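Read the structure below first, then the notes.
Just so it is clear, the model here is predicted, and its values are computed rather than measured.
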Amino acid sequence: MTSNKPQNIATFAALKTSIANGEEASLKELLANLSMQEIEKSYLIDLAKLSNNPSIIKLLEDIPLDK
């Protein structure tokens with residue numbers, strides 16, 4: 001995961017927690033100015049599909065991929 005701020009395992013864990021808890025506002029905050037590798041994005045989308053929250057799935061689908 002890359003952005004203007006340093007990314008680490010804690011950030012990824014926070015993303016997973018926000019998705020699992022359905023915390024859309026928190027997720028939006030964490031995703032601001034964030035891009036990631038396709039495998040990371042795919043994992044988070046699969047996690048979101050477990051809770052079937054369309055707005056969270058859409059947020060994740062809109063994450064830009066690293067180039």
Check your understanding: What are the two closest heavy atoms between A48 and I56, and how far apart are they?
Key -> CB-CG2, 3.9 Å

Exercise for review: Write out all pairs satisfying salt bridge (Lys or Arg N to Asp or Glu O under 4.0 Å) with one or both partners inside residues 50-65, taking only residues at least two apart or from two chains.
Suggested key: K58-D62

Practice item. Would you sort out whether L60 and L47 count as a side-chain contact (heavy atoms from CB on, under 4.5 Å), showing the intermediate values? Key: CA-CA 10 Å; L60 297 169; L47 180 62; over 6 Å; no

Check your understanding: Any donor-acceptor pair under 3.5 Å linking the side chain of S42 with the backbone of E38?
Key -> no

Review point. At their closest point, which heavy atom of L65 faces which heavy atom of K41, and how far apart are they?
Key: CD2-CD, 3.6 Å

Check your understanding: Can you find a pair of side-chain heavy atoms, one from L15 and one from L34, that are under 4.5 Å apart?
Key -> yes

Review point. Are there more than 12 heavy atoms of other residues, nucleotides or ligands under 6.0 Å from atom CD1 of I39?
Key: no

**Study point:** Contact summary for L30 and S18, nearest pair of heavy atoms
**Key:** CD1-OG, 3.6 Å

Check your understanding: Looking at I63 and S35, what are the two nearest heavy atoms and their distance?
Key -> CG2-CA, 4.2 Å

Practice item. State whether the side chain of S26 and the backbone N or O of E23 hold a donor-acceptor pair below 3.5 Å, judged by distance alone. Key: no

Check your understanding: In Å, rounded to the nearest 0.5 Å, how long is the span from CG of L59 to CG of N53?
Key -> 8.5 Å

